Amino acid sequence: MIVEKLETPWNLARAAARHFVARSLEAVAIRGSFTVALSGGSTPRSLYEVLADPEEPFRELVPWPNIHFFWSDERHVPPNHPDSNYRMAYEAMLSHAPVPENNIHRIHSENPDATAAAQAYEETLKEVTKAIEPQLDLILLGLGNDGHTASIFPGSEVLHEAERLVAAPWVEQLKTYRITMTLPLINNGTSVLFLVSGIEKARIVKEVLQGPKQYPAQEVKPGGELLWMLDKDAASKLAADLHG
Ligand code: 6PG
């Protein structure tokens, strides 16, 4: 596990963009394509904007036509809903970059049957990656104040899921279903990147990285690379030894 501390949210977005570019070029050079799972919530928006911004140095480096975009999780809402993770990524990045429409694999969360949407997404993942156990090149994740990641919340039955790659847990805390990649899929990722920003996350970052095991985010232990990128505020409670 690598923990990288960046001075500001501005630096955080650009460090994450460099990682995205590096992993995408590497995968395309080896396999001709790059598979990435985008996270939702508010933190990754600036990364997505920076990647697609023509004023920034990243847009011209990204192999957009060779990238297959997936989502680590989605809210149980239609794609045009303000809470949609797909909508956020589309508005911040995908609508501003030369991405083939067929390479955008959103979760069909408008399906009233969340479990059916999850099953369909698992099939899509297997089809596109041509693998029974897809190994995505990069999986982006965030961290909630309760230690959840993707839509794997504390106390959720999904924490114990060993078979399915995508699940549709009922999230009592939010009184809604969510559709989420499960730990077997996440932990099979080649590179897993947590992006965490803001002073309000400092306590949970400390507990997840340096505290006893009790949070879903601590179950993310990929066979490949595990990277935590934190801004200074989010890292502010970490003990020196993890303070990059
Ligand atoms: C979601 C996310 C979720 C998110 C965390 C952090 O759909 O909400 O995937 O896991 O990453 O809740 O959210 P913020 O970045 O908004 O703090």
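Just follow the structure's listing: the first ligand is 1, and inside any ligand the first atom is 1. Any value given below was found using the heavy atoms of this structure, including those in side chains, with hydrogens, waters and symmetry copies removed. For clarity, every value in this text was computed on a predicted model and none was experimentally measured.
- The nearest non-hydrogen atom to atom 2 (C) of ligand 1, considering only Asp83, Ile179, Asp73, Leu38, comes from Asp73.
- Counting heavy atoms from C-beta on, the side chains of His108 and Glu110 come closer than 4.5 Å.
- Looking only at protein heavy atoms, the nearest one to atom 5 (C) of ligand 1 is His148 NE2, 3.4 Å.
- With Leu138 as reference, Leu193 is the one residue of Leu38, Ile67, Leu193 to meet the side chain to side chain contact (heavy atoms under 4.5 Å, CB included) rule.
- Among residues two or more places apart in sequence or in another chain, the side-chain contact (heavy atoms from CB on, under 4.5 Å) test is passed with Pro98 by Arg59, Trp64.
- Listed by chain and number, the residues in a salt bridge (Lys or Arg N to Asp or Glu O under 4.0 Å) with Glu123 amount to none (sequence neighbours excluded).
- Looking at Ser236 and Asp233, their side chains never bring a donor and an acceptor atom within 3.5 Å of each other.
- Contacts with ligand 1 closer than 4.0 Å are made by no heavy atom of Ser39, backbone or side chain.
- Arg75 NH2, 2.7 Å is the protein heavy atom nearest to atom 8 (O) of ligand 1.
- One finds a salt bridge joining Glu219 and Lys213 here, because a Lys/Arg side-chain nitrogen approaches an Asp/Glu carboxylate oxygen to under 4.0 Å.
- What sits closest to atom 17 (O) of ligand 1 on the protein, heavy atoms only, is Lys201 NZ, 2.6 Å.
- The closest protein non-hydrogen atom to atom 15 (O) of ligand 1 is Thr43 OG1, 2.6 Å.
- Among protein heavy atoms, the minimum distance from atom 13 (O) of ligand 1 is reached at Gly41 CA, 4.0 Å.
- For atom 11 (O) of ligand 1, the closest non-hydrogen atom on the protein side is Gly142 CA, 3.4 Å.
- Under 4.0 angstrom from ligand 1, the non-hydrogen atoms of Ala150 all belong to its backbone.
- Between Phe34 and Phe20, the ring center distance clears the sub-6.0 Å criterion.
- Looking at Glu74 against ligand 1, nothing comes within 4.0 Å, counting heavy atoms.
- Near Asn85, meaning under 4.0 Å from one of its heavy atoms, ligand 1 places the atoms 1 (C), 7 (O).
- Within the 4.0 Å heavy-atom criterion, the part of Leu143 lying near ligand 1 is the backbone and not the side chain.
- The pair Glu133-Lys126 fails the salt-bridge criterion, with no side-chain N (NZ, NE, NH1 or NH2) lying under 4.0 Å from an Asp/Glu carboxylate O.
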